[in-house]
Novice: 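One structure, pasted below without further comment.
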Number of protein chains: 4
Amino acid sequence: MARRKSVKKRNKIIESAAKLFAQNGYFCTSMSEIANRAEMSVGSLYVYFKSKDDLLIEIFKNYFDELMGNVEKIFTETEQHPLDKLFDGLNLVVNTLSNDKDMAKVFLVELRQSNKALESIAPEIRDKYENLIKNLIDEAKEKDLVKKNIDPELIGLSTFGLIESILFDWINKGYTKEKLLMKLERAANYFIQGIRK
Amino acid sequence: MARRKSVKKRNKIIESAAKLFAQNGYFCTSMSEIANRAEMSVGSLYVYFKSKDDLLIEIFKNYFDELMGNVEKIFTETEQHPLDKLFDGLNLVVNTLSNDKDMAKVFLVELRQSNKALESIAPEIRDKYENLIKNLIDEAKEKDLVKKNIDPELIGLSTFGLIESILFDWINKGYTKEKLLMKLERAANYFIQGIRK
Amino acid sequence: MARRKSVKKRNKIIESAAKLFAQNGYFCTSMSEIANRAEMSVGSLYVYFKSKDDLLIEIFKNYFDELMGNVEKIFTETEQHPLDKLFDGLNLVVNTLSNDKDMAKVFLVELRQSNKALESIAPEIRDKYENLIKNLIDEAKEKDLVKKNIDPELIGLSTFGLIESILFDWINKGYTKEKLLMKLERAANYFIQGIRK
Amino acid sequence: MARRKSVKKRNKIIESAAKLFAQNGYFCTSMSEIANRAEMSVGSLYVYFKSKDDLLIEIFKNYFDELMGNVEKIFTETEQHPLDKLFDGLNLVVNTLSNDKDMAKVFLVELRQSNKALESIAPEIRDKYENLIKNLIDEAKEKDLVKKNIDPELIGLSTFGLIESILFDWINKGYTKEKLLMKLERAANYFIQGIRK
DNA sequence: TATGAATGAGGTTTCATTCAT
DNA sequence: GATGAATGAAACCTCATTCAT
């Protein structure tokens with residue numbers, strides 16, 4: 001029961017911090033502002049997270065692990081053309097982030113601000129994502145479903161870039177979720193057609 | 001005539017700041033560190049730039065305007081298939097940035113740190129670049145050289161994402177310029193094939 | 001309950017700042033000098049006051065409200081000839097300030113230094129004081145105790161000037177409290193005789 | 001001829017500085033702002049004045065000496081009842097300052113800001129003025145035109161306070177010159193009636 | 001005489017983190 | 001666990017003054 005309360009508080013901190021990081025940036029958000037918004041004392045933040053950097057990193061891990069788990073499910077547990085899986089995966093990521101603009105902005109922008117985070121987490125995230133895709137493409141190559149000279153690592157890279165670019169545009173221009181998803185669909189189609197056999 | 005603001009000194013500041021911003025990030029670089037590296041006093045920085053924010057912004061303007069000018073030349077002054085122009089343009093950008101890793105990192109990462117910069121400059125840069133591409137694609141559509149349902153704006157977005165992604169990977173992993181250019185070539189090819197008629 | 005903001009500490013800051021403002025002037029006193037004299041860290045000053053300006057303003061409010069409260073008591077709670085009340089009020093003000101030369105100097109000189117303070121507080125102080133006197137004179141007029149053509153607002157102004165001038169002279173020349181009070185008595189008498197019926 | 005130009009420049013500096021000191025205060029006005037307004041370089045300021053402090057002091061001397069010279073003329077060169085001379089003197093001072101609100105504000109407020117100025121000049125000004133009045137009152141006493149127990153020094157003080165107070169009020173509230181002079185006339189009358197035999 | 005770039009000392013303020021309560 | 005006052009290091013920036021031109 002005490003545990004429960006504790007998780008709730010931790011989540012409230014994460015939520016508050018994500019909101020503020022997204023709004024004002026990592027360096028322009030102070031611990032006391034976070035405490036304020038989370039309706040607790042500065043001291044309490046340090047009960048749950050050992051530093052501001054740590055707080056940022058934990059925000060990601062929490063969110064990202066769940067997201068990637070779901071993508072993995074699509075990639076491994078469904079029976080489809082691999083390029084359709086790829087399409088569905090892209091959709092899932094963008095769809096999920098489109099429900100939480102704050103988190104999206106943190107992912108795209110703020111993660112790059114903390115040196116520690118940038119160095120320790122960002123590559124990890126990219127690697128994990130790119131690996132998932134690489135495996136998918138390797139599978140497609142084995143089944144002879146894509147052009148021969150395709151470089152799987154590069155596909156990972158490119159799709160990552162695609163997602164980032166489209167989300168960043170959405171964050172800046174602020175159109176509807178529907179338009180965002182439509183843009184993604186089209187862009188993904190061009191790209192996938194470029195590699196499909 | 002008294003001493004005039006020297007271009008040399010101004011450039012030394014820009015160079016020093018870019019190096020440090022790239023190395024340690026915008027917020028983790030202090031004006032006094034910049035002054036140190038530029039071998040002048042802190043006060044002198046403020047003779048040439050009116051704030052730290054301004055310094056970051058000026059770094060961009062300087063570099064970016066020249067780069068974009070060259071891309072524009074390719075797009076408007078050469079006679080080629082528009083998609084080949086697009087290819088050459090991508091190559092020019094990556095090629096140029098690959099010669100100055102510091103500047104590349106500043107472009108990709110640090111620009112997003114300063115709120116002022118992010119809000120005032122980043123969109124401007126994106127817009128300018130995306131517009132160049134949009135015009136190119138429009139031209140290609142008129143000449144019936146690309147698939148019919150192509151969305152020019154989206155192509156702009158996607159190529160921007162492509163460049164960012166590949167450069168970011170390079171910055172993180174640190175391979176040779178040659179490998180970087182090779183990766184770009186391949187990725188660009190997939191993409192362009194996806195839209196070419 | 002954690003440590004609460006201590007009134008003692010706040011007062012120590014006020015005392016130290018008043019001393020230094022009086023000695024060296026508002027602009028020539030640094031926050032770190034104040035912290036030094038108050039035997040605490042610079043950061044602590046900002047726990048109690050949100051800026052240097054604010055510190056100056058708070059010094060006044062504290063001191064002035066009490067002083068004016070006492071003057072008001074004389075004016076409203078005693079039964080005397082209104083001009084005698086006026087005389088007693090002048091005496092109280094000068095008497096009180098004569099016990100704290102630092103505060104007197106801050107009142108007369110430093111208040112005018114901070115733009116914020118000058119614009120927001122100084123007029124408020126003057127208005128409050130001049131109003132008290134205005135009411136007193138109005139009362140005296142009703143009772144037909146002063147000359148007919150007396151302008152109450154002007155009396156307020158003039159007595160304020162009288163007090164300022166005499167205190168300023170004392171601060172500059174540094175004679176004894178007794179002499180100061182004697183001067184005030186005489187000057188006040190000339191003035192009051194000028195308006196008494 | 002060269003001399004002429006030089007005086008003109010010096011005056012332009014004084015004028016500019018007075019304006020800015022009055023507008024923003026002594027400490028909040030920078031030498032480069034003064035140079036700006038005077039349409040010359042910072043270096044030039046230092047050709048004519050040896051420091052910022054010195055500039056403030058010189059502003060006064062210039063203005064004040066002329067003003068006091070005129071008051072002295074009234075006091076010594078005209079044949080009137082001494083209290084009428086006093087009245088005329090007060091009028092002259094206020095009248096003159098009312099034509100140059102900037103200078104008035106500098107006199108009343110900014111003079112107190114520079115330590116050097118406050119310590120060296122302010123007392124000198126007060127002394128000079130108070131002495132003029134003292135002599136006048138002494139003369140009046142000899143001729144048995146004022147009450148017996150009048151303290152000449154105190155009259156000096158009081159009239160100085162009167163002027164300051166009324167000018168300060170005018171500066172803050174900003175009414176017309178006519179109203180200002182009317183207020184002075186009345187206030188001076190009360191006061192003079194208090195001491196006239 | 002006139003200039004204005006250069007300086008460096010010093011100012012105010014912020015803030016992540018600690019720790020006594 | 002929870003609090004928030006206390007800290008001190010460091011940040012950005014200003015500015016009177018100097019001096020080479």
Side-chain angles (χ1 to χ4, degrees), chain A residues 2-3 5-6 9-10 26-36 38-55, chain B residues 1-6 9-10 27-35 38-55, chain C residues 1-6 9-10 26-35 38-55, chain D residues 2-3 5-6 9 26-36 38-55:
Chain A
R3 186 79 201 284
K5 198 177 155 200
S6 174
K9 236 173 172 176
R10 200 188 130 97
Y26 175 76
F27 280 105
C28 297
T29 299
S30 70
M31 291 300 269
S32 88
E33 279 171 303
I34 297 171
N36 241 33
E39 290 170 301
M40 60 188 81
S41 71
V42 184
S44 291
L45 301 184
Y46 285 85
V47 172
Y48 293 92
F49 301 91
K50 70 173 184 290
S51 72
K52 192 183 174 188
D53 249 320
D54 186 50
L55 175 53
Chain B
M1 270 294 146
R3 267 170 293 171
R4 309 224 117 266
K5 278 188 201 177
S6 100
K9 226 163 188 175
R10 197 188 133 97
F27 280 107
C28 296
T29 299
S30 71
M31 292 301 268
S32 89
E33 281 171 302
I34 296 171
E39 290 170 300
M40 59 186 81
S41 71
V42 180
S44 291
L45 301 185
Y46 287 87
V47 171
Y48 292 89
F49 301 92
K50 69 174 181 291
S51 70
K52 192 184 175 188
D53 249 320
D54 186 51
L55 175 52
Chain C
M1 271 295 146
R3 267 171 292 171
R4 309 222 118 267
K5 278 187 199 174
S6 100
K9 227 163 187 175
R10 198 189 132 96
Y26 175 75
F27 280 106
C28 296
T29 299
S30 71
M31 291 301 269
S32 89
E33 281 171 301
I34 296 171
E39 291 171 299
M40 60 187 83
S41 70
V42 180
S44 291
L45 300 184
Y46 286 86
V47 171
Y48 291 90
F49 302 92
K50 68 174 182 294
S51 71
K52 193 184 175 187
D53 248 322
D54 185 51
L55 175 52
Chain D
R3 186 80 201 283
K5 199 178 157 200
S6 174
K9 235 174 175 177
Y26 175 76
F27 281 105
C28 296
T29 300
S30 70
M31 291 301 269
S32 89
E33 280 171 302
I34 296 170
N36 242 33
E39 290 170 301
M40 59 188 79
S41 71
V42 184
S44 290
L45 301 185
Y46 285 85
V47 171
Y48 292 91
F49 302 91
K50 72 172 185 290
S51 71
K52 193 183 174 190
D53 250 320
D54 186 50
L55 175 52

Novice: Are the side chain of Tyr48(C) and the backbone N or O of Leu55(C) linked by a donor-acceptor pair below 3.5 Å?
Specialist: no
Novice: Nearest whole Å is fine: how far is dG11(E) C1' from Asp53(C) CG?
Specialist: 14 Å
Novice: Would you mind telling me which residue lines up with the more 5' stretch of DNA chain F, Ser6(C) or Gly43(B), judged by nearest nucleotide?
Specialist: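 Result: Ser6(C).
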Novice: Between C1' on dT3(E) and CG on Asn36(D), what's the gap in Å once rounded to a whole number?
Specialist: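 Distance, rounded to whole Å: 14 Å.
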Novice: Nearest-Å distance, CD1 (Ile34(C)) to P (dG10(E))?
Specialist: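 Value for this atom pair: 17 Å.
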Novice: Between C1' on dA2(E) and CZ on Phe49(D), what's the gap in Å once rounded to a whole number?
Specialist: 16 Å
Novice: Side chain of Ser44(B): nearest nucleotide among dA2(E), dT17(F), dT7(E)?
Specialist: dT7(E)
Novice: Tyr46(A) side chain: which of dA16(E), dC13(F), dT3(E) is closest?
Specialist: dA16(E)
Novice: Looking only at heavy atoms, which two atoms of Phe27(B) and Cys28(A) are closest? And how far apart?
Specialist: CZ-SG, 3.8 Å
Novice: Could you check which of dT7(E), dA5(F), dT7(F) has an atom nearest any side-chain atom of Tyr48(C)?
Specialist: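 So the nucleotide nearest the side chain must be dA5(F).
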Novice: Rounded to the Å, how far apart are Leu45(A) CG and dC19(E) C1'?
Specialist: 16 Å
Novice: Find which nucleotide of DNA chain E each of Glu39(B) and Ser32(A) is nearest to by heavy atoms, and output the residue with the more 5' nucleotide.
Specialist: Glu39(B)
Novice: Tell me the closest heavy-atom pair linking Met31(D) and Leu45(D), and the distance in Å.
Specialist: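 Answer, listing the atom of Met31(D) first, then Leu45(D): O-CD1, 3.2 Å.
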Novice: Under a 3.5 Å cut-off for both contacts, is dG8(E) paired Watson-Crick or G-U wobble with anything, and if yes, with which nucleotide?
Specialist: dC15(F)
Novice: Among the candidates dA2(F), dA2(E), dA6(F), find the nucleotide nearest to the side-chain atoms of Lys9(C).
Specialist: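 Out of dA2(F), dA2(E), dA6(F), the nucleotide with an atom closest to Lys9(C)'s side chain is dA6(F).
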Novice: Is there a Watson-Crick or G-U wobble partner for dT21(E) with both distances under 3.5 Å, and if so, which one is it?
Specialist: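 dT21(E) is paired with dA2(F).
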Novice: Is the shortest side-chain N/O distance from Lys50(A) to OP1 or OP2 of dA16(E) below 4.0 Å?
Specialist: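 No, no such contact exists.
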Novice: Let me know the distance between CE of Met40(A) and C1' of dG4(F), rounded to the nearest Å.
Specialist: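 Checked: the CE to C1' distance equals 14 Å.
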Novice: Taking atom P of dA2(F) as reference, at what distance in whole Å does atom CZ of Arg10(A) sit?
Specialist: 13 Å
Novice: What are the two closest heavy atoms between Tyr26(A) and Lys52(A), and how far apart are they?
Specialist: O-NZ, 2.9 Å
Novice: Taking the side chain of Ser41(B) as its heavy atoms from C-beta onward, which of dT7(E), dT13(E), dT3(E) lies nearest to it?
Specialist: dT7(E)
Novice: Round to a whole Å and report the spacing from CZ of Phe27(C) to P of dA16(F).
Specialist: 12 Å
Novice: Could you please name the option among dA16(F), dA16(E), dC12(F) that lies closest to any side-chain atom of Met31(B)?
Specialist: dC12(F)
Novice: Hey, which of these two, Val47(A) or Val42(A), hits DNA chain F nearer its 5' end, going by closest nucleotide?
Specialist: Val47(A)
Novice: Of the non-hydrogen atoms in Val42(D) and Ala35(D), which two are nearest, and what is the gap between them?
Specialist: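 Heavy-atom minimum between the residues: N-CB, 3.7 Å.
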Novice: Consider the side chain of Ser30(C), meaning its heavy atoms from C-beta on, and name the nucleotide among dT7(F), dG11(E), dG4(F) that approaches it most closely.
Specialist: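 Out of dT7(F), dG11(E), dG4(F), the nucleotide with an atom closest to Ser30(C)'s side chain is dG11(E).
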Novice: Give me the atom names and distance for the closest heavy-atom approach of Lys50(C) to Asp54(C).
Specialist: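 Taking every non-hydrogen atom into account, N-OD2, 3.2 Å.
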Novice: From the list dT13(E), dA5(F), dC13(F), which nucleotide is the closest neighbour of the side chain of Lys5(C)?
Specialist: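 Closest nucleotide among those given: dA5(F).
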